[in-house]
Number of protein chains: 2
Amino acid sequence: MVGMSLSHVLLGLLADRSASGYDLLKRFDISLANVWPARQSQIYTELGQLSEGGLIKVAAEGPRGRKEYAITDAGLAELRRWLTETNPKKIGRNEPLARVFFLGVLTRDQAVAYLVEMAAQAARGSDKHKATDESVAWDDSGLAIYGRLALEWGHRYAAMEREWAQWAADQIATQ
Amino acid sequence: MVGMSLSHVLLGLLADRSASGYDLLKRFDISLANVWPARQSQIYTELGQLSEGGLIKVAAEGPRGRKEYAITDAGLAELRRWLTETNPKKIGRNEPLARVFFLGVLTRDQAVAYLVEMAAQAARGSDKHKATDESVAWDDSGLAIYGRLALEWGHRYAAMEREWAQWAADQIATQ
DNA sequence: TGAACCATGTAAACAGTTACATGATTAA
DNA sequence: TTAATCATGTAACTGTTTACATGGTTCA
């Protein structure tokens, strides 16, 4: 097990259903893009390593060199071990918020504009969430059930950020 | 300019006040640890590169080989350029939330326990924020003013996550 | 027949973490 | 005198991004 997190995310997606690298890439885009982004090259590399390590296997080959991967028993055990016996590291990087610390080097107008833009971005995020919610064909698989919980998190996050950014812009503007 | 983000964060801290690598390391811990963590080795390496690039300079040398860095005019210009002319990438990794997607491979009790622990963690985060707020000697520098806004963000974030996790645990438990 | 999409793979560069390594100064 | 703190630096490794490279299949 080389990559500690992307590898487990891939195991999680394959636990829901077998898929090719290409399928997984698209599934990332609709579900995990906001919490664990991954590039095409990284996904293919990681699939190769997981396969070599016996945590997934090529279950079928299709046209255009398509390889459909399925999780193995060892992979499922590893996924469960990761979820129950290791702690997620909670610290995450947040560039938009990191920038806020340094707005003091700009003019007040520029700082307010930055915060207003953050609020607008959050509002746009809300709309996008709503659209995703309506467009995704939710089945009753575990991934769909928990994916909807995560979507609700995104909804609340966007609302919180919009309100905070409006409040912050007001603090600076009326200071 | 090699590192795109840590380098700018260091410029931002040095714009507030000159400091040594050691000082910066501690300032990270109290202010930026939750939005842009950085290790000692990374900070020292980056300071070397910024210095080589003329964005900061050694303003004074003290005991034990201490080097106090100060931002240069070029560095301040670069910081402003970064803040006003480039867009922050908003996507960030969130491992605790990423794991939520895959709770379907666990038993219901295990999944609920995971969400309850997330709520507890968020509650502990709230307490820690309050403690930080009270312990930090806030001056009226730009960094202090905007740092307080970021602290309020952390406060609201923790409250949102606590409420969401409680709601989510309830959804699964009573399903 | 050409555009859109399906599908995979590698190499180089960059960013971040862990581990190692050293030594001076201060305060109890 | 010894423990805590101050202070810097490098090497190896892991993880991520960008760029390059190739070609098959489907549908209008």
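Chain naming here is simple, since letters A, B, ... match the order of the sequence lines and numbering starts at 1 in each.
- For A:Ile91 and C:dG16, the CD1 to C1' distance is 10 Å, given to the nearest whole Å.
- Of the residues in residues 23-44 of chain B, those with a non-hydrogen atom less than 4.0 angstrom from any atom of DNA chain C are B:Trp36, B:Arg39, B:Ser41, B:Gln42.
- Here B:Tyr22 is tied into one hydrophobic group with B:Tyr44, each link being a pair of ILVMFWY side chains closer than 4.5 Å.
- Remark: side-chain polar atoms of B:Arg156 are not paired, donor with acceptor, to backbone N or O of A:Glu161 under 3.5 angstrom.
- In the helix from C:dT1-D:dA28 to C:dA28-D:dT1, the end axes, each obtained as the rotation axis mapping the C1' atoms of four pairs onto the next four within a five-pair block, lie 30° apart to the nearest 10 degrees.
- Spacing between atom CG of B:Leu47 and atom P of D:dT10 amounts to 12 Å, rounded to whole angstrom units.
- Side-chain N or O atoms of B:Arg80 include one that pairs as donor or acceptor with a backbone N or O of A:Val105 at under 3.5 Å.
- If you take CD of A:Glu52 and C1' of C:dG9, they are 15 Å apart, rounded to a whole angstrom.
- Rounded to whole Å, the distance from OH on B:Tyr22 to C1' on C:dT25 is 12 Å.
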Show the atom names and distances, to 0.1 Å, of all donor-acceptor pairs under 3.5 Å that link a side chain in residues 59-67 of chain A to residues at least two apart or in another chain.
{"residue": "A:Arg66", "atom": "NH1", "partner": "A:Glu68", "partner atom": "OE1", "Å": "3.1"}
{"residue": "A:Arg66", "atom": "NH2", "partner": "A:Asp23", "partner atom": "OD1", "Å": "3.4"}
{"residue": "A:Arg66", "atom": "NH2", "partner": "A:Asp23", "partner atom": "OD2", "Å": "2.4"}

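- A salt bridge links A:Arg99 to A:Glu95: one of the charged nitrogens lies within less than 4.0 Å of a carboxylate oxygen.
- Comparing B:Gly65 and B:Lys89 against DNA chain D, the residue whose closest nucleotide sits nearer the 5' end is B:Gly65.
- Considering all non-hydrogen atoms of both residues, A:Ile91 and B:Ala33 come closest at CG2-O, 4.0 Å.
- Spacing between atom CZ of B:Arg93 and atom C1' of C:dA15 amounts to 11 Å, rounded to whole angstrom units.
- If you measure from atom CG of B:Leu6 to atom P of C:dA15, you get 10 Å, rounded to the nearest angstrom.
- Atom pair B:Gln49:CD and D:dG9:P shows a separation of 13 Å (rounding to whole Å applied).
- Using bins of under 30°, 30° to 60° and over 60° for the plane-to-plane angle, the ring pair B:Trp153/B:Tyr157 lands in the parallel bin.
- In this structure, CH2 in B:Trp82 is found 9.5 Å from CD in B:Glu78, a value given to the nearest 0.5 Å.
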Using residues 123-130 of chain B as the side-chain source, report each donor-acceptor pair under 3.5 Å to any protein atom, sequence neighbours left out, with the distance given to one decimal.
{"residue": "B:Arg124", "atom": "NH2", "partner": "B:Glu117", "partner atom": "OE2", "Å": "3.2"}
{"residue": "B:His129", "atom": "ND1", "partner": "B:Gly125", "partner atom": "O", "Å": "3.2"}

Check: protein-nucleotides 24-28 of chain D nitrogen or oxygen pairs below 3.5 Å:
{"residue": "D:dG24", "atom": "N2", "partner": "A:Arg64", "partner atom": "NH1", "Å": "3.4"}
{"residue": "D:dT25", "atom": "O4'", "partner": "A:Arg64", "partner atom": "NH1", "Å": "3.4"}

Worked check of side chain to side chain contact (heavy atoms under 4.5 Å, CB included) between A:Trp36 and B:Asn94: CA-CA 7 Å; A:Trp36 207 269; B:Asn94 185 334; over 6 Å; no
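- At a cut-off of 3.5 Å, with distance as the only test, no side-chain donor of A:Asp109 or A:Thr107 sits close to an acceptor on the other residue.
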